[in-house]
There are 2 protein chains.
Amino acid sequence: MPTELRRPERTFTIRQLCTEFKATPRALRFYEDKGLLTPARDGMNRVYSYKDRARLILILRGKRVGLSLQEIREILELYGEHDEAMQQNAHSLKKFKEKIVDLEQQREDIEGAINELRAACDRIEKHLAEKRPDLLPKAADYDQMLRARLDGHGEMVGAK
Amino acid sequence: MPTELRRPERTFTIRQLCTEFKATPRALRFYEDKGLLTPARDGMNRVYSYKDRARLILILRGKRVGLSLQEIREILELYGEHDEAMQQNAHSLKKFKEKIVDLEQQREDIEGAINELRAACDRIEKHLAEKRPDLLPKAADYDQMLRARLDGHGEMVGAK
DNA sequence: TATGCCCTTTACGTCAACGTCAAGACCCGG
DNA sequence: CCGGGTCTTGACGTTGACGTAAAGGGCATA
């Protein structure tokens, strides 16, 4: 069993991907239903490849930036049918460029939203500092939170 | 009627705001239902102030960056109850800081998505240039699109 | 062999964010 | 006084993205 363990051939169960990305089995099956994923099968059971995992990452990120599953599917479809459906691609091109403009707008919006939230936080903190300093959270809390959030994203290979 | 026309006192009908921001009356009433807007009344009719309009802008931008109406409401509520509900504010503070972290993540996501869409566009364009140059859109089209998108955002005061 | 645990499919339920009528008030020009 | 247009309040429908419960298969461990 020498070449058997080569990394790119590693596969994942539905639950492994779910716990890794905090999704639910139902969601992954739903994506499959909608044509965004097409894992292999071992008997009845789904077997996800590295490629499937990569697609899932794209799906989840797409969702985070506000794309619909439909839009995500269109994007994913580009990575496959290189040669066929040329006319389709010409159409996709247009939609993608529109989407880029959308996203650039959205990026601006996010900048603005971040700034406002920061300002709001400052206001609250000043307010609290004056009148109820006891309610101010310890710095450690926030630190803790950041740490927890970052934990979910290390490229871990072995199980916990 | 000298002071009568001072700008900050200008009011808006529901339709004016809708056409200005490409929303629907139903949506504005829905936001009101959910406590995000509370326009004055002239008899039965809603009368939106400059403040209401400002809130609406925040609502719409919040939506674009993926906030739920619920989250938007929480943010808007900060601009009002300055003194009361202090404990509440301490809680909001935490949620806001979380949201900031979220948004920063989302900004990264958007960067990534933009880059991938650009790459995808490049691929398609190269592909088309080689095999079906006839399908390539004229540069003018894209230009047109950009222009249209920018038009919607000038701070216009007079009607069309 | 029984007890779990994880997998499967099918099907109905849910929640947000509106859309879409329906039925009626108000005002305005002809 | 009669449409026509804009406003109002219900109330029900819709769409996307799943949640949840039911009914069953497969494998392992006690």
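Model, not experiment: these values are computed from the prediction. Chain A is the first sequence line, chain B the second, and so forth, proteins listed ahead of strands; every chain is numbered from 1.
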Let me know the distance between [atom1] of [X] and [atom2] of [N], rounded to the nearest Å.
| X | N | atom1 | atom2 | value |
| --- | --- | --- | --- | --- |
| B:D33 | C:dG19 | CG | C1' | 15 Å |
| A:K22 | D:dC18 | NZ | P | 17 Å |
| A:N45 | C:dC5 | CG | C1' | 12 Å |
| A:L67 | D:dG16 | CG | P | 15 Å |
| A:L28 | C:dC7 | CG | C1' | 13 Å |
| B:M44 | C:dA23 | CE | P | 19 Å |
| B:F30 | D:dG13 | CZ | P | 17 Å |
| A:R73 | D:dG16 | CZ | C1' | 14 Å |

Under a 3.5 Å distance rule, please check whether [X] uses its side chain to pair with a backbone N or O of [Y] as donor and acceptor.
| X | Y | value |
| --- | --- | --- |
| A:D52 | A:S49 | yes |
| B:E71 | B:S68 | yes |
| B:Q16 | B:T13 | yes |

So, is [X] near the phosphate of [N], with a side-chain N or O under 4.0 Å from OP1 or OP2?
| X | N | result |
| --- | --- | --- |
| A:T13 | C:dC6 | no |
| B:Y31 | C:dA17 | no |
| A:T24 | D:dC18 | no |
| B:K63 | C:dA16 | no |
| A:R26 | D:dT20 | no |
| A:R46 | C:dC7 | no |
| A:R29 | D:dG19 | no |

(request) To the nearest 0.5 angstrom, please state how far the NZ atom of A:K51 sits from the CG atom of A:L56. (result) 14.5 Å
(request) Verify whether one side chain among A:Q105 and A:D109 offers a donor that lies under 3.5 Å from an acceptor in the other. (result) yes
(message) Nearest to the side chain of A:R15, heavy atoms from C-beta on, is which of C:dC6, C:dT8, D:dT9?
(response) C:dC6
(message) From the set D:dC18, C:dC7, D:dT8, return the single nucleotide nearest to any side-chain atom of A:L69.
(response) D:dC18
